[in-house]
Amino acid sequence: MLCVLSCPRQTGGKYSTASIRSIFRKAVDDTNSNPWATVHTLRHSFATHCIENNINIRHLQNMLGHNSPKTTEIYTKTIEINNKTIISPLDTLLKNNILHT
């Protein structure tokens, strides 16, 4: 999808915002993905995955086009919150004694 956003079309022009939304919506529908997802969801997912994979925050800031590193740092806070509130399925199995060690 990132290529669709930055790659020129075969006719030589760039994709319009409406075209990108349409392509994304069709992909969501075809894959029965989260119906609330938007193209911007991809941007957030990309940034979060980059942070999780230890991509340098300055590189990510540049890729996302943020003027301030404070804006990019929002993604690190999201990961911290998720790590505190999300329970691993393996932890649940261990807790319920379904998975024997």
Side-chain angles (χ1 to χ4, degrees):
M1 188 64 166
L2 291 176
C3 183
V4 171
L5 299 175
S6 61
C7 295
R9 296 186 333 199
Q10 289 180 345
T11 58
K14 298 254 179 181
Y15 283 96
S16 68
T17 303
S19 293
I20 292 168
R21 263 193 223 113
S22 176
I23 292 165
F24 180 78
R25 187 56 36 211
K26 180 173 177 355
V28 167
D29 293 343
D30 290 350
T31 59
N32 292 321
S33 296
N34 180 348
W36 298 103
T38 64
V39 175
H40 202 73
T41 304
L42 292 179
R43 180 179 171 87
H44 284 287
S45 296
F46 172 76
T48 302
H49 289 300
C50 284
I51 295 289
E52 288 173 339
N53 288 302
N54 299 316
I55 299 296
N56 183 298
I57 193 104
R58 296 288 182 191
H59 295 305
L60 183 58
Q61 176 188 347
N62 187 42
M63 286 188 283
L64 296 175
H66 293 159
N67 290 326
S68 167
K70 295 282 185 201
T71 308
T72 311
E73 288 172 6
I74 291 168
Y75 297 105
T76 61
K77 290 176 178 51
T78 302
I79 292 167
E80 290 170 12
I81 291 167
N82 288 341
N83 287 340
K84 291 178 183 173
T85 59
I86 294 175
I87 299 170
S88 164
L90 290 176
D91 289 337
T92 304
L93 292 173
L94 285 171
K95 180 180 173 187
N96 295 331
N97 233 358
I98 295 171
L99 186 65
H100 301 289
T101 55

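Ile51 contributes atom CD1, which lies 11.0 Å from atom CD1 of Ile74 (distance to the nearest 0.5 angstrom). Between atom CG of residue Leu60 and atom NE2 of residue His49 there is a gap of 12.5 Å, rounded to the nearest 0.5 Å. A distance of 11.5 Å separates OG1 in Thr76 from CD in Glu52, rounded to the nearest 0.5 Å.
Side chain of Asn53 to main chain of Ile55: no donor-acceptor pair is present (N/O by atom type, distance under 3.5 Å, no hydrogens or angles).
The shortest non-hydrogen separation linking Met63 to Cys50 is CE-SG, 4.4 Å. Pairing each heavy atom of Pro69 with each of Arg58, the nearest pair is CG-NH1, 3.2 Å. Nearest approach of Pro35 to Arg25, heavy atoms of both residues: O-NH1, 3.3 Å.
You'll find the side chain of Asn34 stays beyond 4.5 Å of the side chain of Val28, heavy atoms only. For the pair Phe46/Leu64, a side-chain contact is recorded, criterion being any heavy-atom separation below 4.5 Å from C-beta on. Thr38 is listed as a side-chain neighbour of Thr41, based on a closest heavy-atom distance under 4.5 Å.
Annotation: Asn56, atom CG; neighbour count of heavy atoms from other residues, nucleotides and ligands within 6.0 Å is above 12.
Residues Ser22 and Ser19 bring no donor and acceptor atom of their side chains to less than 3.5 Å of each other.
The aromatic rings of Tyr75 and His66 lie parallel to each other, their planes meeting at an angle below 30°, with 60° marking the opposite boundary.
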